[in-house]
Amino acid sequence: MQQDSLHLTAEDLLLARDEAQAVFGHYLNEHELFDLALDQWEIVRHL
């Protein structure tokens, strides 16, 4: 992989960046949703 990385184009790097951002964005959104769901569950438990 190290030698192959020397042959990456600017477009390859931008695509990789976009994919990484999408993955992290998806993870963060799911994490926030799970936190909200747990908060709501906790509230309902105490009603």
Quick test of your reading: applying side-chain hydrogen bond (donor to acceptor under 3.5 Å, both in side chains), list the pairs with at least one residue in residues 6-17, sequence neighbours left out, ordered by first then second residue. Thr9-Asp12

Taking only residues two or more places apart in sequence or in another chain, which ones pass salt bridge (charged side-chain N to carboxylate O under 4.0 Å, His left out) with Glu42? Arg45

Report all side-chain donor-acceptor pairs from residues 31-40 shorter than 3.5 Å, counting only partners two or more places apart or in another chain.
none

